[in-house]
Structure formats: structure tokens, C-alpha cells
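To keep things clear, I will list the structure first and then write my remarks on it.
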Amino acid sequence: MIERLVVFGATGDLNARYLLPGLAALRAAGHLGDGFRLVCADRKDWDDEGFRGWVAEQLDRHAGSSPADARRWVARATRFQRADATDPTDLASLITGDGPVALYFALPPAVFPGAVTALRGAGLPPGSRIVLEKPFGENLADAQELNRLLSEVVPEQAVFRVDHFLAMTTVQNLLGSRLANRVLEPLWNSAHISEIEIVWDESLALEGRAGYYDGVGALKDMVQNHLLQVLCLVAMEPPLSLGERDLRDRKIDVLRSVRPLTDEDVLRRTRRARYLAGRIGDRRVPAYVDEDGVDPRGRTETFAEVELQLDSWRWSGTTFRLRSGKALKDDRKEVAVRFRPVPHLPFGHSGEAVPNVLRFGLDPESVTLALTGIGSGPQTLTPLTMTAQMEPADLPAYGRLLLDVLRGDAALSIRGDEAEEAWRVLTPVMSAWSNDLVPLEEYPAGSGGPAPRDG
């Protein structure tokens with residue numbers, strides 16, 4: 001297990017809200033020993049004492065559920081070094097020492113190529129690992145070039161293209177529910193399932209993330225990575241094992257089966273929109289273009305919806321709808337599996353047999369099955385709902401992710417060819433949207449999103 005972690009972009013939101021709390025959770029669970037060391041690197045000027053004070057503040061704010069001694073330990077185990085991730089000399093000074101090191105680039109994707117190139121001359125110790133946050137590049141060509149650069153520095157097994165959605169227990173429960181329950185697998189196909197929705201709708205607006213979000217938008221921020229990864233777990237064939245090769249081979253089969261979208265398909269099967277001023281609860285929310293840091297001349301979407309079809313024996317005829325939006329009325333974060341209606345109802349029953357829906361709540365965690373039964377009156381149909389609340393995870397998603405990196409378990413990281421296929425799926429959408437073939441709709445903040453289309 002690697003005992004040295006270097007985080008670039010150390011004063012950013014990702015480190016403050018997720019990586020540092022993840023390390024505190026690992027320490028509390030006994031996964032990090034006294035020999036572990038964290039080096040935080042950034043272009044800003046800090047000394048060790050001042051930075052440790054900042055770390056302690058962030059942990060108190062974002063890791064309150066971890067014991068105080070674990071939070072204090074993370075702060076003590078941290079040192080700060082001013083460094084430019086694209087400078088080979090700075091990199092060499094960070095990675096020097098005995099044993100391998102894990103390098104976590106918590107940086108914008110535009111910086112990745114320069115940082116990886118700089119590593120070639122920095123003398124990376126054998127057995128070291130490189131961790132990249134999504135998105136992996138900004139388009140297919142970027143992803144291909146980044147993969148080429150990485151291959152010149154470390155073997156593929158040492159590259160962790162991480163997506164914390166895959167470390168969420170609810171997302172993993174999709175596989176568990178499918179593969180550990182005989183009752184579901186015979187029904188898990190287009191003969192019985194009409195549509196699967198993968199949704200991440202948020203009532204949160206921009207929340208100070210304009211510097212990142214305004215250059216990305218909902219499609220690249222959520223659909224191209226998080227939601228496509230969930231699609232893979234929902235639609236994949238049962239793997240021989242959950243080892244890194246078997247699992248990732250089956251995921252890439254799904255991406256390769258996605259039917260290529262024509263311009264006409266993009267026009268009919270995708271939507272984009274951004275929020276106007278409105279009210280969410282007791283909060284007044286400005287229009288997206290009026291948020292601090294947003295370029296009002298840009299065409300960044302805050303709502304994206306894409307319908308996909310899979311050309312496979314199992315899924316031909318089932319629609320997969322991927323959707324994500326910000327500043328909406330309600331949080332809705334789930335996978336909804338919609339079954340086809342029954343072919344015949346015995347004569348004499350009143351009421352309607354609503355098609356069954358199996359919902360995997362992603363946040364909060366839950367599993368709900370909507371059925372139809374006989375109500376209190378004779379021959380009267382009524383909805384029945386069965387709900388299970390999930391036990392809290394032993395580790396937060398980023399804690400599990402970091403543990404996998406330090407241990408070298410790449411099963412939940414994204415392989416290079418998989419990253420390229422994910423971009424290939426959405427390249428027609430990105431192209432059509434950039435050429436304004438699909439209108440940029442608008443919706444009031446605090447609403448349910450853009451108005452339904454006619455027909």
C-alpha cells in the first residue's frame with residue numbers, strides 16, 4: 001500500500017470538501033497508519049503551519065462526522081509545498097524520496113497534458129500511480145492525446161481515472177441488486193423494461209463554481225461521465241467477476257453498443273436549457289447569466305437531457321434517458337427502471353394498473369418498488385409501494401476511492417479505451433449543440449425544468 005499522497009490543486013474545493021474528509025474517514029477506520037504522509041501542492045504561497053490551520057478548518061467544516069483525533073491527525077500528517085504541476089523541476093522535488101507515490105491531479109482538465117508531460121522528466125519512482133479527476137480531456141481528441149501521454153509515463157494499470165459515482169454504495173448496489181437476486185435478472189431486458197431514467201437533478205444553483213462550470217456545462221459535468229458510468233452498470237452483461245478486467249470489459253461493451261446519433265436524432269432526442277431568475281424555497285436565485293464569474297455571452301447549459309438506444313440483444317427497444325439539471329424545484333437523484341404494462345387485466349376490476357417502477361435512490365440512498373394490488377374495496381386496484389432504506393456506507397465515496405488508489409485496486413477506475421468511448425458517444429451531441437442545431441431553452445430557477453415539448 002502506498003503511503004505517500006501528493007495532491008495538486010490543494011487549496012481547491014475538491015481537496016477541501018472531499019479528499020481531506022476522505023482521508024480523515026480512512027484514518028478513523030484504521031486504513032492509514034502513522035507512516036502515511038500527505039503533501040499538498042499549489043501555486044499559492046503558504047507555509048506548513050498556515051496551511052495546516054486551513055486543513056483543520058476545512059475538516060471541521062466538511063468532516064464533522066469523523067472523530068476529532070482523526071481530523072487532527074490528517075492536519076499533522078500534511079505539509080505544503082508551492083509548486084507548478086507543469087514544471088518538471090517542481091514535480092521532481094515533490095516526488096523525491098523512498099518508495100512509490102500517488103499523484104492526485106485535482107486540477108482543470110486543460111492542465112492534465114502539461115502535467116503528464118512534465119512527469120516524464122521528473123523521475124517518477126517505480127510503482128507510483130497517477131490519479132486524474134473527470135472530465136478526462138474536453139473532447140475525444142483530448143482524451144486520445146492524454147492517453148498517449150500517460151502511456152509514455154506509466155503503465156495503464158497505474159492510471160486511475162476516477163469517478164466518485166462508482167464508489168457510491170448506492171451505485172454499486174445497482175450491480176448487487178441485479179446479480180444477487182434471481183428474481184430480477186430474467187426481467188432485466190427490453191422485453192420487460194420500456195425505459196430506464198438516470199437522473200441527477202439538483203435544487204442547488206451555481207454555488208460559486210463559475211470558474212469551473214461555465215466552461216463545462218451540464219452535459220460534460222454530469223452526463224458524459226457520471227451518468228454514462230451509471231448507464232454502464234445498469235445495462236452491462238453480468239461479468240465473470242468484479243475484478244478490474246472483467247468489470248471494465250463489460251462496461252465498455254455497453255458504450256460500444258450505444259447507437260450513434262445523427263443530427264436529426266440529436267434534435268429529437270436531446271434537450272439543453274439554462275435557468276432564469278427565480279426562487280428556490282426561501283432563496284432568490286439570479287439568472288445563470290447574472291451569476292458572479294459567468295460570461296453572459298456564453299451558451300453554457302445548466303440542464304441537459306439525452307435519450308440513448310443500445311443496439312444489443314438485451315436492450316433493443318428500451319430507451320435510456322440521462323438527465324441532469326441545476327436550480328430545479330426538487331432534488332431528484334435516482335435510477336428509475338420502468339417496466340412495461342401487463343398485457344391484460346381480468347374484466348371487472350376498477351382502477352388502473354400502473355406499470356411497475358423500480359427506483360434506486362442515489363442520494364439519499366434507498367430502493368423502492370412500485371407495484372399494483374387489490375385495495376380495500378372488492379376488485380379495486382390500488383398502488384402498493386415497497387421501500388428499503390440503505391445502511392450508511394462505512395466510508396464516504398472519496399474515502400473508498402482513495403483507498404483503492406493507495407492499494408492499487410483499479411476495478412472502479414476508468415480504463416483509457418473506456419474514457420475515449422464515453423466521449424465518442426456524446427461527440428455528435430456536442431457538435432450539434434455547438435452549432436446551435438438544438439435550441440438553448442430557458443426555465444425559471446425553482447421550476448421543474450424546461451416546459452415539456454409538444455407531442
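- Residues Phe80 and Trp54 keep their aromatic ring centres 6.0 Å or farther apart.
- Ion pair Arg178/Glu185 flagged as a salt bridge, since at least one NZ, NE, NH1 or NH2 atom sits closer than 4.0 Å to an Asp/Glu carboxylate oxygen.
- Residues passing the side chain to side chain contact (heavy atoms under 4.5 Å, CB included) test with Thr270 are Val266, Val306, Val429, Trp433, Val438, sequence neighbours excluded.
- Sorted by first and then second residue, the pairs that involve residues 55-67 and meet salt bridge (Lys or Arg N to Asp or Glu O under 4.0 Å), not counting sequence neighbours, are Asp60-Arg71.
- Between Glu195 and Arg321, at least one side-chain nitrogen of the basic residue sits less than 4.0 Å from a carboxylate oxygen of the acidic one, meeting the salt-bridge criterion.
- Of the charged side-chain nitrogens involved, none lies within less than 4.0 Å of a carboxylate oxygen, so that Glu244 and Lys251 do not count as a salt-bridged pair.
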Asp13/Tyr212 under side chain to side chain donor-acceptor pair (under 3.5 Å): CA gap, chis, key distance, verdict: CA-CA 11 Å; Asp13 191 62; Tyr212 164 75; over 6 Å; no
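- Salt bridge Glu207/Arg283: present, at least one basic N to carboxylate O contact under 4.0 Å.
- The residues Arg332 and Asp330 are annotated as not salt-bridged, no charged nitrogen and carboxylate oxygen being separated by less than 4.0 angstrom.
- Ion pairing between Arg338 and Glu197 holds under the 4.0 Å rule for side-chain N and carboxylate O.
- Comment: Glu301 does not engage Arg299 in a salt bridge, judged by the lack of any side-chain N to carboxylate O separation of less than 4.0 angstrom.
- A salt bridge does not link Lys326 to Glu291: none of the charged side-chain nitrogens sits closer than 4.0 Å to a carboxylate oxygen.
- A salt bridge does not link Arg248 with Glu418: none of the charged nitrogens is closer than 4.0 Å to a carboxylate oxygen.
- Taking the side chain as every heavy atom from C-beta outward, Arg250 and Asp253 approach each other to under 4.5 Å.
- The 12-atom threshold is exceeded at NZ of Lys333, counting heavy atoms of other residues, nucleotides or ligands nearer than 6.0 Å.
- Look at Asp249 and Arg415 and you find a salt bridge, because one of the NZ, NE, NH1 or NH2 atoms lies within 4.0 Å of a carboxylate O, short of that distance.
- Centroid-to-centroid, the aromatic rings of Trp423 and Phe136 stay 6.0 Å apart or farther.
- A 4.5 Å side-chain heavy-atom check between Trp200 and Glu202 finds at least one atom pair inside the cut-off.
- One finds no salt bridge joining Asp42 and Lys44 here, because no Lys/Arg side-chain nitrogen approaches an Asp/Glu carboxylate oxygen to under 4.0 Å.
- To the nearest 0.5 Å, atoms OG1 (Thr300) and CZ (Arg272) are separated by 10.0 Å.
- Between Leu358 and Val367, the closest side-chain pair of non-hydrogen atoms falls below 4.5 Å.
- Checked for salt-bridge contact, Glu49 and Arg52 miss the test: no charged N lies under 4.0 Å from a carboxylate O.
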Output side-chain donor-acceptor pairs under 3.5 Å for residues 98-117, partner residues at least two apart or in another chain, one line each.
{"residue": "Tyr104", "atom": "OH", "partner": "Glu133", "partner atom": "OE2", "Å": "2.5"}
{"residue": "Thr117", "atom": "OG1", "partner": "Pro113", "partner atom": "O", "Å": "2.8"}

